[in-house]
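These notes concern the structure reproduced below.
Below, chain A is the first sequence line, B the second, and so on; all start at residue 1.
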Number of protein chains: 2
Amino acid sequence: MPRKINLSEKIEQLRSFHEAEGRAPSYAEMAELFGYKSKNAVYGPVKKLLQLGYLDKGSDNRVQLTTKITGSTKLLGSVQAGFPSPAEEELVDTINLDQYLVRRPEATYLLTVSGDSMIEAGIQPGDLVLVEKGGVPKQNDIVVAQLDGEWTLKYFGKDATGVYLDPANAAYTRMRPERSLSIGGIVRAVVRKYGK
Amino acid sequence: MPRKINLSEKIEQLRSFHEAEGRAPSYAEMAELFGYKSKNAVYGPVKKLLQLGYLDKGSDNRVQLTTKITGSTKLLGSVQAGFPSPAEEELVDTINLDQYLVRRPEATYLLTVSGDSMIEAGIQPGDLVLVEKGGVPKQNDIVVAQLDGEWTLKYFGKDATGVYLDPANAAYTRMRPERSLSIGGIVRAVVRKYGK
DNA sequence: CTTGTTACTGTACGATCGTTCACTTACATA
DNA sequence: TATGTAAGTGAACGATCGTACAGTAACAAG
C-alpha cells in the first residue's frame with residue numbers, strides 16, 4: 001500500500017508562497033517549501049497535484065498554479081448549510097471570481113448603475129454590471145441600450161410589433177424605439193460591494 | 001527629445017502572451033514578442049512599464065504582470081455615459097474582481113443564497129454572497145447568522161433590548177435570539193450571474 | 001559634414017532552471 | 001528476520017535565466 005502523503009498541507013504551502021511571491025515556485029523552491037532536501041523528491045507530490053488539477057504545466061516546463069490554489073475565495077454550500085466548523089481543516093478549493101464570471105475578457109466591461117429602473121430585478125443604483133459587448137440578446141436578457149439617444153438598463157424583448165425594452169420598476173412603462181435603438185451589450189452579472 | 005515609444009501596443013502584446021501562456025514572459029520572450037533582435041532592447045520599455053505599474057519585479061528578478069495587464073474586465077463609467085466607441089483604441093486598464101472585492105482572502109467564503117428573506121435588499125435566491133468571517137458586525141450590516149439553530153441571512157442590529165435580526169422582506173418580521181445567536185460572517189458583496 | 005545622445009545589437013558570464021541517473025533510506029508484507 | 005516497493009538523496013547534464021559590457025545604428029543639433 002502506498003504511504004499517505006499530506007497533500008492539503010502542501011496546497012496550503014503553495015497558497016502562502018503564491019501570496020508572498022505572486023508567482024509559482026520552482027522545483028528547488030518547492031523542495032525547500034515542503035521540507036525536502038532534494039528537489040527530486042517533489043516530483044511525486046507534483047504529479048498528484050497535476051492530476052488533481054491544482055497545478056498546470058506551461059509551454060516552458062515550469063509548474064503553474066491553477067485557480068484552485070490562486071483563487072481568493074473558498075466556495076462553500078448554501079446559506080442554510082451554514083459555515084464549516086473552524087476545526088475541520090479540510091481540503092477546500094478556491095475559485096477565481098473573474099474566471100467564474102467573465103467568458104470573453106476582451107469584450108467585457110464593468111459599468112456603474114445609476115437610476116432605479118431595474119430595482120425589482122435586484123439591480124440597485126451603485127451596483128456594478130458586468131457587460132459583454134457584441135452578443136445577440138435573447139428574450140428577457142438585461143441589456144445596456146441606447147434608446148432614442150439615452151443609455152439605459154432594461155429587459156430586452158421582441159414581439160409581433162417589434163423590439164421593446166421593459167424596466168423592472170412599476171413606476172416606469174414599456175418602451176419601444178421611435179428612431180434608433182442600439183444595444184451596447186448584454187448584462188452577464190451584477191456585483192454589489194458593501195462598505196466603502 | 002526622446003523618441004516616442006509605443007507602450008500601449010506592448011501592453012496589448014503582454015496581455016495576449018499572458019492569455020496564451022498564463023505566465024509572465026522572460027526577457028528573451030519579450031524581445032521576440034516586441035520584435036527586437038536583442039533581449040537587452042526590452043530593458044528600456046520594461047523600465048517604463050515598471051514605473052507605470054504595469055509590471056512588477058519579484059524576489060527572483062523576473063518581471064511579473066500586474067492586474068493592470070492580467071485583469072479580465074475593463075472598468076468604465078456609468079450606464080448613462082454609455083459605451084466608448086469601438087474606434088478609440090485608448091489605453092484602458094483592466095481590474096481584477098477578486099482583488100476589488102476580497103480584503104482578507106483567508107477568511108472569505110462564497111455562499112449560495114436560498115430563500116427570499118433579503119429580497120428587498122436586492123439579494124435573490126441563487127445569488128452568491130461573499131462572506132467575511134471573524135469581523136464585528138456594525139448596525140445594519142448584512143450577516144450570516146445562526147439563530148436558534150438555523151442559518152439565515154439578515155440585517156444585524158442592536159438596541160436597548162439587545163441584538164436583533166431584520167429581514168428585508170415585508171412578509172417576515174424582526175427576530176431576537178431566544179437561546180443562542182452566532183454570527184457566521186459579514187456579507188461584503190453580492191454576486192449574481194445570469195445564464196447557465 | 002561632425003558631434004552627442006539614445007536605441008538597439010551581439011557576446012559573454014555566473015546562476016538557476018528542469019530533468020536524468022545511480023544510490024540510499026524507509027517501511028509494509030511475507 | 002528477509003524481501004520488495006516506494007520515497008527520498010545527491011550529483012551531473014544541457015538549456016535558459018537575468019545581467020553586464022562593448023560596439024553599432026539611428027537621428028537630432030550644431
Side-chain angles (χ1 to χ4, degrees), chain A residues 1-66 68-70 91, chain B residues 1-66 68-70 91:
Chain A
M1 192 200 295
R3 266 174 283 172
K4 187 65 183 295
I5 298 180
N6 190 347
L7 278 183
S8 60
E9 184 190 353
K10 297 189 185 355
I11 290 171
E12 270 313 310
Q13 289 166 330
L14 288 172
R15 273 203 189 112
S16 50
F17 184 95
H18 176 258
E19 193 162 353
E21 300 291 337
R23 59 183 175 86
S26 68
Y27 280 88
E29 286 168 329
M30 280 191 282
E32 190 182 2
L33 194 62
F34 298 159
Y36 294 123
K37 293 185 179 177
S38 167
K39 56 181 174 177
N40 292 17
V42 302
Y43 271 73
V46 162
K47 190 179 177 185
K48 275 170 194 150
L49 290 171
L50 283 167
Q51 286 171 355
L52 294 173
Y54 287 92
L55 295 179
D56 256 344
K57 275 224 175 187
S59 62
D60 62 350
N61 284 319
R62 308 188 59 153
V63 290
Q64 296 180 228
L65 309 175
T66 66
K68 280 189 170 185
I69 287 180
T70 63
L91 206 68
Chain B
M1 193 199 296
R3 264 174 286 173
K4 186 65 183 293
I5 297 178
N6 191 347
L7 278 184
S8 60
E9 184 191 354
K10 297 189 185 354
I11 291 172
E12 270 312 311
Q13 289 166 330
L14 288 172
R15 275 207 186 105
S16 50
F17 184 95
H18 176 257
E19 193 162 353
E21 300 290 336
R23 59 182 175 87
S26 68
Y27 280 88
E29 286 168 328
M30 279 189 283
E32 190 182 3
L33 193 62
F34 298 158
Y36 294 123
K37 293 186 179 176
S38 167
K39 56 181 174 176
N40 292 16
V42 302
Y43 272 73
V46 162
K47 190 179 177 187
K48 276 170 194 150
L49 290 171
L50 283 166
Q51 286 171 354
L52 295 173
Y54 288 91
L55 296 179
D56 256 343
K57 275 225 172 184
S59 62
D60 62 350
N61 283 317
R62 307 188 58 155
V63 290
Q64 297 180 228
L65 309 176
T66 66
K68 279 189 169 185
I69 288 181
T70 64
L91 206 67

Fill in the blank from the handout: Closest to the side chain of A:Lys48, out of C:dA7, D:dA7, C:dC8, is D:dA7

Handout entry: Residues in side-chain hydrogen bond (donor to acceptor under 3.5 Å, both in side chains) contact with A:Lys57, at least two apart in sequence or another chain
Key = A:Tyr27

Handout entry: side-chain hydrogen bond (donor to acceptor under 3.5 Å, both in side chains) partners of B:Asp60, counting only residues at least two apart
Key = A:Arg23

Whole angstroms only, please: what is the [atom1]-[atom2] distance between [X] and [N]?
X	N	atom1	atom2	answer
A:Phe34	D:dT9	CZ	P	13 Å
A:Asp60	D:dG14	CG	P	21 Å
A:Tyr36	D:dG8	OH	C1'	8 Å
B:Met30	C:dC8	CE	P	14 Å
A:Asp56	C:dG18	CG	C1'	17 Å

Exercise for the section: Compare all side-chain heavy atoms of A:His18 with those of A:Arg15 and state whether any distance is below 4.5 angstrom. Expected result: no

Fill in the blank from the handout: Whether each nucleotide of nucleotides 15-20 of chain D has a protein heavy atom under 4.0 Å at its base (B), only at its sugar-phosphate (S) or at neither (-) is summarised, 5' to 3', as --SBBB

Please name all residues satisfying side-chain contact (heavy atoms from CB on, under 4.5 Å) with [X], sequence neighbours left out, ordered by chain then number.
X	result
B:Ala24	B:Leu65
B:Asp56	B:Gln64, B:Thr66
B:Ala41	B:Tyr36

